[in-house]
Amino acid sequence: MKLTVIGCGYLGATHAACMAELGHDVLGMDSDMDKVAVLNSGKAPIHERDLDDLIAKHTASGKLSFTASYAEAAAFGDLHFIGVGTPQQPGENAYDLSHLFAAVRQLAPRLKGPAVVAVKSTVPVGTAPRVRDIFHEFAPAGDRIEVAWNPEFLRESFAIEDTLRPDRLVLGFETEHSWAEAVLRQCFDKIIESGTPAIVTDWATAELAKGAANAFLATKISFINAMAEVCEKSGANVAELADILGHDVRIGRRGMRPGLGFGGGCLPKDLGGFITRADDLGADEAAGILREAAAVNARRRQRVIDLAREELGTDLRGKRITVWGAAFKPETDDIRDSPALAVAQKLHELGATVTVTDPKALDNARKLHPELDYVEDPIAAVDDADLLLHLTEWHQFTHIDPKRLATRTTSPKVIDARGTLNTDQWREAGWITRTLGRI
Ligand code: UDX
């Protein structure tokens, strides 16, 4: 098939490359000319496992190219995916849909014949009819434009895997037996043939699916972190508790790692966006559980600050603190709503000198937080530190020998906020250790 992907950020660039991998001819469109140039040179605009290789493979094979022109995109094919970002509105929880509506307004007047527009961007429930109205009013093809809702559930650092072998495909249509269903089934035929369930539903359910999935994942993390708070008061061990709970298949161990809580470009934003929309719809009581999940998440960050002050005294001025981790999770350079950087920045505000290290995210962190100090080498970063904080669980950090590290500081104290350091070894090497959920 010939198809386009409008918006080539994380989601769109991955989707475009994966559609080419499925055998389609793909034109990616993004209004950022620099991004288009990078993509056309066969490189990914972001750090994502294997994405560079896949883009290089298909820009070379001729199956994948990129443009900044809506006219070219509109003329290219009859199936258009929209994957533009829907960030949080500054200072609010609601989604900023301006990029989505800008893309729709640009594309609509250029669609001359029947086409399917499949929206992948995450939105508040109730957005699809507004998108349809614009196409029907402004596209020369009018109501021969069929809007479909096809939410995306990919995880960063597993984006290709999650796109090519998803747990499920969700296809939302305005009416039953929409002709767009056949088009999307054809597009995803290799994925469906390999056994992935394709769930066909209405627009509202498809729109809710992504927000609800992320709200659940966030709540699951906050549940175990709430248990961590109880463990901290009772002397129990939250890591072992999570294992015990996880053996019950109804609960499951995955996505229930206790620690510093969730961050990133999706979970916090989708939780907030979901609560805001539920409130608007008069379902504010239902959103209560999600408000609590957000509150637990914020308390984990505060807990690290409190522990740092227990170890160093309430006045942090003049104290040297080293932070291992800047990315919101390992294997990415993404620092959006990074719990590690939020803690680092707060400690800096409280007067500490904060040195941050991270295997991949230092360049991004430097730009956003020029007030912090940065060191590439995680061992050198600990030189003369009064306290070490382990805030993003990169495997590089867990492999560092605590004995060797202890010689770099006169104050060997570590707070393990992710629970992945071998604290027995660290204690044997002379460190005072504190672990979230195990104190
Ligand atoms: C998430 C969803 O998993 C994905 O389905 C959706 O499409 C986008 O949002 P992502 O943001 O890439 O994906 O990361 P994820 O691996 O879910 O982790 C999110 C945050 O939660 C990270 O900060 C991570 O450190 C934290 N986390 C995750 C935990 O604290 N404990 C866990 O058990 C899992």
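Quantities reported herein were computed from a predicted structural model and do not represent experimental measurements. Ligands are counted one by one from 1 in listed order, and the atoms in each one are counted from 1 as well. All residue numbers refer to positions in the sequence shown, counting from 1. What's counted below: heavy atoms across the whole structure, side chains too, no hydrogens, waters or symmetry copies.
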Against heavy atoms of [X], which atoms of ligand 1 measure under 4.0 Å?
| X | answer |
| --- | --- |
| R155 | 3 (O), 4 (C), 12 (O), 13 (O) |
| F153 | 4 (C), 5 (O), 6 (C), 7 (O) |
| K210 | 6 (C), 7 (O) |
| G261 | 23 (O), 26 (C), 30 (O) |
| G255 | 32 (C), 33 (O) |
| C266 | 8 (C), 9 (O) |

Please report whether ligand 1 has a polar contact with G263, defined as an N or O pair separated by less than 3.5 Å (distance criterion only). yes
Problem - Under 3.5 Å: N/O of L217 near N/O of ligand 1 - result: no
Are more than 12 heavy atoms, taken from residues, nucleotides or ligands other than [X], located less than 6.0 Å from that residue's [atom1] atom?
| X | atom1 | answer |
| --- | --- | --- |
| E371 | CD | yes |
| R404 | CZ | no |
| F101 | CZ | yes |

Return yes if some donor-acceptor pair links the side-chain N/O of [X] with the main-chain N/O of [Y] below 3.5 Å, else return no.
| X | Y | value |
| --- | --- | --- |
| T201 | A206 | no |
| T392 | W394 | no |
| Q425 | P402 | no |
| D386 | R320 | yes |

Which heavy atom of the protein is the closest neighbour of [atom], given with residue, atom name and distance?
| atom | answer |
| --- | --- |
| atom 6 (C) of ligand 1 | L154 O, 3.4 Å |
| atom 34 (C) of ligand 1 | R257 NH2, 3.5 Å |
| atom 1 (C) of ligand 1 | L267 CD1, 3.5 Å |
| atom 27 (N) of ligand 1 | I221 CD1, 3.5 Å |
| atom 12 (O) of ligand 1 | E156 N, 2.7 Å |
| atom 18 (O) of ligand 1 | K329 CD, 4.1 Å |

Those residues at least two apart in sequence (or on a different chain) that pass ring-ring contact (aromatic ring centres under 6.0 Å, His included) with H15 are F81
For a quick check under 3.5 Å, do Q88 and E92 share a side-chain donor-acceptor pair by atom type?
no
Out of Y10, F328, F158, F262, the nearest non-hydrogen contact to atom 11 (O) of ligand 1 is supplied by F328
For ligand 1, indicate whether the residue [X] contacts it via side chain, backbone, both or neither (heavy-atom separation under 4.0 Å).
| X | answer |
| --- | --- |
| R336 | neither |
| M256 | backbone |
| N214 | side chain |

Q | Close side-chain approach of L368 to I335, heavy-atom, < 4.5 Å | A | yes
message: Quick check: do L372 and V323 have side-chain heavy atoms less than 4.5 Å from each other?
response: no
Q. Contact between K220 and ligand 1, counting heavy atoms under 4.0 Å?
A. no
If you look only at distance, which donor and acceptor atoms sit under 3.5 Å apart when one is on a side chain in residues 325-333 and the other is two or more places apart or in another chain?
{"from": "K329", "atom 1": "NZ", "to": "E156", "atom 2": "O", "distance (Å)": "2.7"}
{"from": "T332", "atom 1": "OG1", "to": "E156", "atom 2": "OE1", "distance (Å)": "3.3"}
{"from": "T332", "atom 1": "OG1", "to": "D334", "atom 2": "N", "distance (Å)": "3.0"}

